[in-house]
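Here is the structure we will look at, set down as structure tokens.
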Amino acid sequence: MSTFYVTTPIYYANGEPHAGHAYTTIAADALARYHRIKGDDVFFLTGVDEHGANIDKTAESEGLSPQAFCDKLAPIFTKLWERLNISNDIFLRTTSELHKRGIKKFLTALYESGDVYKAPYEGHYCRPCERFFPEKELSDDKICPIHKIPLEWVKEENYFFRLSKYQDRLLQHYNENPEFVYPDTRRNELLSVLESGLEDTSISRSSVSWGIPLPFDPEHIAYVWIDALPNYITALGYDADNERYHTFWPANVHMMAKEITRFHALLWPAMLMAANLPLPKQIVAHGWLTKDGEALSKTRGIFIDMDGDIATYGVDAFRYYLLREFSFGNDGDYRPTRLHQRYNADLANDLGNLLNRVLGLLNKNFDGIPAPTTPGEFDDEIKQMAQKTSETFDAHIETFAFDSALETIWEFVRRVNRYVQQTEVWTLAKPETKPRMGTILYNCLEALRYISVLLSPFIPDTAEKIQQQIGLTEFDSVAEWGRLPVDLKVSRGEPIFPRVDLKKEKAQPKKEKAKPEKKTSEKKSNLISFSDFQKMDLRVARVISAEPIEGADRLLKLEVDIGTEKRQVVAGIAEHYQPDALIGKQVIVVMNLEPATIRNVESHGMILAASDDSVVLVSPETDVPLGTQVR
RNA sequence: GCCGGUGUAGCUCAGUGGUAGAGCACACGACUCAUAAUCGUGCUGUCCGGAGUUCGACUCUCCGCACCGGCACCA
């Protein structure tokens with residue numbers, strides 16, 4: 001028996017899970033279930049990453065301790081996974097003892113490899129900011145750009161991992177294992193990063209308190225990624241060097257969204273090399289979901305209404321849609337109308353109706369499943385197609401082409417519908433043709449059983465319902481033709497996918513859009529005094545000229561008129577504003593910001609803009625005299 | 001600016017050196033076992049634009065445009 005270990009990332013638990021998390025997890029679940037029915041010994045991990053400064057901060061803003069915050073959030077993940085029918089074998093939390101023990105052992109091994117070194121880090125430090133400022137961010141007077149106070153020269157010790165040392169070995173690994181990173185676009189990206197050189201990376205954070213202390217120097221806290229990545233082995237029992245660990249490591253597939261491939265495909269393998277452990281076999285990255293063509297955004301209220309769609313169409317339809325519609329690896333646009341079409345066309349009409357019509361005929365004419373005594377035209381074709389479908393299906397799963405895999409099954413579903421049509425079974429109820437009728441119905445039901453097996457990794461509940469209606473009391477997960485027993489009492493239940501009428505849905509009151517989260521309780525430490533605020537010199541100015549800066553995609557060089565003087569300012573708004581459209585516009589300029597040189601262009605001040613996904617300039621409501629103070 | 005990818009029917013996408021396909025949607029027909037379902041037939045395309053190689057390119061090469069990623073840049 002071969003083994004199969006698949007993981008999702010452990011999701012960063014500083015907010016609730018969204019459709020992106022669900023997509024990754026459902027894809028991994030489909031793989032896990034697929035390998036289980038193939039008879040593999042499967043271990044499927046998901047979990048949450050609970051350490052680091054961001055969680056500390058979010059917890060604080062909610063007035064909770066970090067641990068209490070995590071304890072509140074983790075069940076929200078597990079409940080969603082239950083709802084989505086995720087068959088994970090473990091839900092790993094980085095605050096668990098299991099992980100803590102494992103990470104201690106792993107970091108010790110890393111340290112003993114000799115590739116962790118302590119290096120003094122010295123620089124300009126701002127106490128209120130709790131951070132260093134690189135030379136290039138500062139002007140000659142060395143004051144904090146945020147607090148406007150003189151910076152201290154502080155020397156601090158930090159731990160580094162000698163990532164640079166592994167550049168060649170990684171490159172070699174990539175070349176010898178072309179399938180290591182999938183798909184190729186991501187692989188190419190990482191290769192170009194590798195070829196341009198890796199730098200040693202800091203693995204500890206002294207400014208962070210919420211995390212795991214380095215075992216070889218508890219004064220320092222492990223950087224959150226260094227803490228998180230080894231979860232894939234700590235979850236197996238790496239600390240105890242136990243059987244599960246030896247059975248399942250190295251992992252077959254680390255499944256994830258594309259933005260975190262770098263950590264998984266460069267840093268993590270290098271860490272494993274240093275600790276002298278085997279590397280995972282494949283890093284698999286999928287694309288992002290968009291909603292009706294727009295990037296998901298909390299602040300703009302663009303999100304995928306999982307709850308609503310699941311309530312309308314059911315969990316399996318949601319799972320089906322995600323895996324059927326999107327070509328894995330590419331970004332996919334989530335459209336409720338497409339989900340609706342897929343639901344009615346594929347699930348209700350093709351599959352659901354097929355089951356229902358066959359069971360209807362059987363109920364009316366037979367008492368239990370008849371024996372296939374009377375072969376005839378098309379029978380062999382159906383049987384052969386079942387076999388071929390299964391083979392093609394397997395090939396698609398191997399390359400994560402879930403969409404093609406499902407399409408392959410549906411070709412067979414349609415073929416069986418045609419079989420019913422071609423043989424005109426419903427006309428064969430006369431005594432002399434009844435044995436033939438029974439044979440055809442047997443073939444249809446066996447085809448449906450066969451289909452339910454192939455579908456079970458994707459839509460497990462449905463697969464089970466199909467077999468229940470056929471009369472099987474226990475799920476038969478073997479895709480071999482002819483296993484369906486005769487004389488089973490079928491139970492034609494409710495349609496497994498009742499059609500959904502969109503008009504009815506529309507008549508229902510629309511759900512309220514989620515409001516952007518508000519931080520209600522600002523912490524005292526975030527407050528500034530009025531005199532701090534007064535230090536800022538904000539003025540109304542008019543844009544006189546605007547032009548792009550050579551070699552920079554996001555930058556515009558602006559000349560602004562403040563009434564008394566003119567200034568040159570660099571603004572990172574080129575992606576959102578045409579230069580010409582800016583001319584004549586009134587804007588707000590920060591006058592007393594220290595000058596900086598960006599891309600060889602001097603900037604004397606800063607233009608205010610609201611920005612998250614988009615960037616919108618702040619402008620007086622009506623024209624005011626140039627140079628007017630803004631307060 | 002550099003590096004990679006994509007651009008094919010209304011939509012989602014396949015595809016091949018010999019001038020294009022599937023599913024959905026749409027139209028018409030058949031059938032009535034079934035969830036107004038199923039089955040059949042049909043429909044639409046300058047295969048991003050331009051140049052080149054070739055007997056012949058949507059498929060190869062080059063140039064360009066658009067979009068999507070990665071890197072730099074975001075005072």
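Chain A is the first sequence line, chain B the second, and so forth, proteins listed ahead of strands; every chain is numbered from 1.
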Criterion ring pair (Phe, Tyr, Trp, His ring centres under 6.0 Å) on A:Tyr313 and A:Phe318, from CA distance to verdict: CA-CA 7 Å; A:Tyr313 302 101; A:Phe318 180 71; over 10 Å; no
Donor on one side chain, acceptor on other, A:Asn353 and A:Arg499, under 3.5 Å: no
Watson-Crick or G-U wobble partner of B:C28, both distances under 3.5 Å: B:G40
Rounded distance (Å) that lies between atom P of B:U12 and atom OH of A:Tyr334: 16 Å
Where at least one partner belongs to residues 339-349 of chain A, residue pairs that pass salt bridge (charged side-chain N to carboxylate O under 4.0 Å, His left out), sequence neighbours excluded: A:Glu325-A:Arg342, A:Arg342-A:Asp346
Sugar-phosphate, base or nothing in reach of A:Leu191, heavy atoms under 4.0 Å: nothing
Donor + acceptor pair across side chains of A:Tyr321, A:Asp309 (<3.5 Å): no
CD/A:Glu432: more than 12 non-hydrogen atoms of other groups inside 6.0 Å: yes
Base paired to B:G4 (Watson-Crick or G-U; both N/O distances under 3.5 angstrom): B:C68
RNA chain B contacts made by residues 425-452 of chain A, counting heavy atoms under 4.0 Å: A:Trp426
Touch class at under 4.0 angstrom, heavy-atom based, for A:Asn353 against every strand present: base
Interatomic distance, A:Arg415 CZ vs B:G40 C1' [rounded to whole Å]: 13 Å
Donor-acceptor side-chain pairing of A:Tyr334 and A:Asp305 below 3.5 angstrom: no
Sugar-phosphate, base or nothing in reach of A:Leu361, heavy atoms under 4.0 Å: base
5′-ward residue of the pair A:Arg262/A:Val570 relative to RNA chain B: A:Arg262
Between A:Gln341 and A:Arg338, a side-chain donor and acceptor under 3.5 Å: yes
Sugar-phosphate, base or nothing in reach of A:Arg418, heavy atoms under 4.0 Å: sugar-phosphate
Sugar-phosphate only, base, or nothing, as touched by A:Asn356 at under 4.0 Å among non-hydrogen atoms: base
Distance-only polar pair, side chains of A:Gln467 and A:Ser452, donor-acceptor under 3.5 Å: yes
Below 4.0 Å: OP1/OP2 of B:A34 and any side-chain N or O of A:Lys364: yes
Distance below 4.0 Å between A:Arg324 side-chain N/O and B:U12 OP1 or OP2: no
Donor-acceptor contact below 3.5 Å, side chain A:Arg436 vs main chain A:Thr373: no
Distance, C1' atom - from B:G21 to B:U35, rounded to whole angstrom: 31 Å
Sugar-phosphate only, base, or nothing, as touched by A:Asp346 at under 4.0 Å among non-hydrogen atoms: nothing
Sugar-phosphate, base or nothing in reach of A:Arg492, heavy atoms under 4.0 Å: sugar-phosphate
Ring-face cation of A:Lys383 near A:Tyr450 (centre distance under 6.0 Å, axis angle within 45°): no
Pairs: protein N or O with nucleotides 2-4 of chain B N or O, under 3.5 Å:
none

